[in-house]
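Just so you know, these numbers use all the heavy atoms, side chains as well, and skip hydrogens, waters and symmetry mates.
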Amino acid sequence: MGLITSSYRMMYLTAYKYSLESKIQWIAAAKMELVASSDEVMALGNDLDPENPVVKQFEARKDRLHALEKRLDMQMTEYQNRLQMVEAELGSAKGAVNNAIKESFSY
């Protein structure tokens with residue numbers, strides 16, 4: 001690959017890397033809010049009688065929040081795996097740029 005092609009490839013990979021990093025940060029923030037909500041729901045239900053229908057609603061909400069947390073974990077793992085692949089590819093692109101520079105400027 002030529003210098004220009006390798007440079008564009010590196011810019012694209014860098015932008016994609018930043019996009020993945022921001023998605024990972026968003027998921028981490030969403031998980032923190034989710035855990036706080038789950039704790040809040042359980043704290044509300046602790047004062048009530050276990051046979052109360054409201055407690056059962058709280059438990060159902062807690063289960064839904066837990067399922068959502070699992071989906072966020074899976075999505076975060078997927079983005080982290082993609083990020084590792086992009087970083088490896090970015091290293092390859094940097095090597096291609098360096099090689100193209102050496103070839104271009106060696107006399």
Side-chain angles (χ1 to χ4, degrees):
M1 265 192 251
L3 179 59
I4 294 173
T5 307
S6 296
S7 296
Y8 281 129
R9 182 172 159 227
M10 215 169 88
M11 287 188 303
Y12 169 77
L13 289 170
T14 302
Y16 188 52
K17 176 184 170 188
Y18 292 144
S19 171
L20 289 171
E21 287 173 344
S22 69
K23 288 178 183 179
I24 289 170
Q25 288 176 349
W26 179 85
I27 290 173
K31 262 187 76 172
M32 287 185 347
E33 289 180 25
L34 187 65
V35 168
S37 296
S38 180
D39 291 345
E40 214 173 277
V41 166
M42 287 315 296
L44 291 172
N46 286 340
D47 297 337
L48 300 174
D49 180 31
E51 298 300 320
N52 192 333
V54 173
V55 172
K56 292 178 183 178
Q57 288 178 344
F58 284 150
E59 288 177 4
R61 287 181 184 167
K62 180 187 159 219
D63 291 340
R64 285 194 301 263
L65 291 173
H66 186 66
L68 181 59
E69 183 180 3
K70 283 185 178 182
R71 282 189 284 176
L72 287 174
D73 284 337
M74 288 176 24
Q75 195 171 22
M76 182 179 280
T77 301
E78 178 186 342
Y79 287 147
Q80 288 171 338
N81 290 337
R82 284 185 190 181
L83 183 61
Q84 288 176 350
M85 289 187 284
V86 167
E87 286 174 344
E89 188 68 22
L90 191 56
S92 173
K94 286 179 183 178
V97 167
N98 289 338
N99 287 339
I101 290 172
K102 285 179 187 176
E103 289 176 9
S104 297
F105 296 104
S106 64
Y107 300 105

Student: According to a hydrophobic-cluster definition based on side-chain heavy atoms being under 4.5 Å apart (Ile, Leu, Val, Met, Phe, Trp, Tyr only), do M10 and F105 belong together?
Tutor: yes
Student: Please say yes or no: joined through hydrophobic side-chain contacts below 4.5 Å, possibly via intermediate residues, are Y8 and Y12 part of one cluster?
Tutor: no
Student: About how many Å separate CD1 of I27 and OG1 of T77, when rounded to the nearest 0.5 Å?
Tutor: 9.0 Å
Student: Rounded to the nearest 0.5 Å, what separation is found between the NZ atom of K62 and the CG atom of L65?
Tutor: 10.0 Å
Student: Hey, could you give me the CG/CD distance between L68 and Q75, rounded to the nearest 0.5 Å?
Tutor: 9.5 Å
Student: Would you compute the distance between atom CD of E69 and atom NE2 of H66 and round it to the nearest 0.5 angstrom?
Tutor: 6.5 Å
Student: Should L72 and V35 be regarded as members of a common hydrophobic cluster, given that ILVMFWY residues are connected when their side-chain heavy atoms come within less than 4.5 Å of each other, either directly or indirectly?
Tutor: no
Student: Would I101 and L13 show up in the same hydrophobic cluster when neighbours are defined by side-chain heavy atoms closer than 4.5 Å?
Tutor: yes
Student: Do W26 and V86 share a hydrophobic cluster (ILVMFWY, side-chain heavy atoms under 4.5 Å, transitive)?
Tutor: yes
Student: So do the side chains of V97 and R9 get within less than 4.5 Å of each other, counting heavy atoms only?
Tutor: no
Student: What's the separation between atom CE in M76 and atom CG in L20, rounded to the nearest 0.5 Å?
Tutor: 12.0 Å
Student: Starting from the C-alpha separation in whole Å, work towards a yes-or-no answer on side-chain contact (heavy atoms from CB on, under 4.5 Å) for Q84 and Q80.
Tutor: CA-CA 6 Å; Q84 288 176 350; Q80 288 171 338; 5.7 Å; no
Student: For the atom pair OH (Y79) and OG (S19), what is the distance rounded to the nearest 0.5 Å?
Tutor: 8.0 Å
